[in-house]
Amino acid sequence: MRSPSKIAIVTGAGSGIGRRTSLALLHEGYSVVLAGRRVETLETTAQEASAGSRALVVRTDVTDIASVRALFAKTQETFGRLDLLFNNAGIGTPPVPLEDLTYQQWKQVVDTNLTGTFLCTQEAFRIMKDQQPRGGRIINNGSVSAQVPRVYSAPYTATKHAITGLTRSTSLDGRQYDIACGQIDIGNAATERTDRMEAGVPQAHGSVAVEPRMDTDDVARAVVYMASLPLDANVQFMTVMATKMPYIGRG
């Protein structure tokens, strides 16, 4: 499975799923461009990997088109090509009633989760379609919320539904360029964002319940598997979730 010549970009690489996936890809021999807003957390990821020149830190705001273009230009300048983009950067909002959300909260989620993914995908296409060997793979971080939402999650859920549509369109539009695109929908990975589940989170019928979580490294291994396939094979959609989370059977 090792691919010493392959180049990957991971957005949101400074923590959580992005960090663990970056480390897993580096372990498999990839050179990985670590993209995110906070340089200090990206550098922590790079230091944990001990991968030397195979880990490149690039401060990136995926909501800023100039920042995104600079990320891909730096990748091409440094490594000469791009084989894998993991669109992982994403945010949510506090769990408050829909009518209490501000316009700015809505916009921040849409700009990060949806527009940021589109901008990165667009730049990846521009590199992958013209490089030799041609093509590459794009993996979008969806969510089980793309299928079944939580209460008080309208902006996050709306963007993850949209990511599913973007994944399908990207997969279709990329065919002629040997660009494969798939989506991983993740449920209850153990990150800082899901720490609150250990104290209990609101359920659909109004109660509060503790929810099981799974090791983030299991998610990273799933992404590495998706990335390991030849370009004539593709995992279109994969769901990876904590086995006992209240997802199957909701409602």
Side-chain angles (χ1 to χ4, degrees), residues 11-12 16-18 20-21 85-98 101 105-106 108-118 120-121 137-174 180-191 193-197 200-227 229 233-251:
T11 65
I17 291 167
R20 302 314 303 174
T21 301
L85 166 64
F86 181 33
N87 279 314
N88 170 70
I91 61 171
T93 58
V96 299
L98 182 150
L101 288 166
Q105 286 174 315
W106 168 269
Q108 286 176 341
V109 174
V110 173
D111 288 351
T112 303
N113 296 5
L114 180 56
T115 304
T117 296
F118 168 75
C120 289
T121 296
R137 188 178 304 276
I138 298 169
I139 300 174
N140 293 330
N141 187 342
S143 170
V144 293
S145 290
Q147 306 299 324
V148 180
R150 290 185 178 276
V151 294
Y152 305 143
S153 68
Y156 183 81
T157 294
T159 57
K160 293 305 183 179
H161 273 262
I163 288 297
T164 298
L166 181 59
T167 296
R168 293 183 187 277
S169 290
T170 301
S171 185
L172 180 59
D173 292 351
C181 180
Q183 178 172 318
I184 184 165
D185 294 328
I186 302 164
N188 288 15
T191 67
R193 188 175 299 174
T194 62
D195 282 346
R196 62 192 179 93
M197 292 179 179
V201 290
Q203 303 297 304
H205 56 283
S207 69
V208 174
V210 173
E211 292 194 13
R213 301 190 295 165
M214 64 176 170
D215 193 322
T216 311
D217 283 335
D218 293 329
V219 177
R221 282 193 288 272
V223 175
V224 168
Y225 168 71
M226 294 172 72
L229 295 175
N234 188 41
V235 175
Q236 189 67 68
F237 294 98
M238 176 188 287
T239 300
V240 180
M241 53 178 274
T243 303
K244 295 184 179 181
M245 70 173 289
Y247 170 72
I248 301 299
R250 283 189 195 178

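Just so it is clear, the structure is predicted and the values come from calculations on it, not from any experiment. Along the sequence shown, residues are numbered consecutively beginning with 1.
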Sub-4.5 Å side-chain heavy-atom contact between Thr21 and Asn88: no
So Arg150 and Thr157, do their side chains get closer than 4.5 Å, heavy atoms only? no
Measuring only between side-chain heavy atoms, which start at C-beta, is Tyr152 closer than 4.5 Å to Leu98? no
Minimum heavy-atom separation for Gln236 and Ser171, please, with both atom names. OE1-OG, 3.2 Å
Quick one: does Ile138's side chain get under 4.5 Å of Phe86's, heavy atoms only? no
Restricting to non-hydrogen atoms, name the atom on Gln183 and the atom on Ile163 that form the minimum distance, rounded to 0.1 Å. OE1-O, 3.4 Å
Cys181 side chain reached by Arg168 side chain, heavy atoms, under 4.5 Å: no
Tell me, with the steps shown, if Thr11 and Asn87 meet side chain to side chain donor-acceptor pair (under 3.5 Å). CA-CA 6 Å; Thr11 65; Asn87 279 314; 4.6 Å; no
Residues Lys160 and Ala146: closest non-hydrogen pair is O-CB, 3.5 Å
Let me know which of Asn234, Leu85, Val235 forms a side chain to side chain contact (heavy atoms under 4.5 Å, CB included) with Arg137. Asn234
For a 4.5 angstrom cut-off between non-hydrogen side-chain atoms, does Thr170 reach Phe118? no
With side chain to side chain contact (heavy atoms under 4.5 Å, CB included) as the criterion, how do Gln108 and Ile91 come out once you've worked through the C-alpha distance, each side chain's angles and the decisive distance to 0.1 Å? CA-CA 8 Å; Gln108 286 176 341; Ile91 61 171; 4.1 Å; yes
For a 4.5 angstrom cut-off between non-hydrogen side-chain atoms, does Thr93 reach Tyr156? no
Could you tell me if the side chain of Ile184 sits less than 4.5 Å from the side chain of Ile186, heavy atoms only? yes
Val144 and Asp185: which non-hydrogen atoms are nearest, and at how many Å? N-CB, 4.0 Å
Compare every heavy atom of Ala158 with every heavy atom of Trp106, then report the nearest pair and how far apart it is. CH2-CB, 3.9 Å
If I compare all heavy atoms of Met238 with all of Ala222, which pair ends up nearest, and what's the gap? SD-CB, 3.6 Å
Give a yes or no answer on whether the side chain of Asp215 reaches the backbone of Asp217 with a donor-acceptor pair at less than 3.5 Å. yes
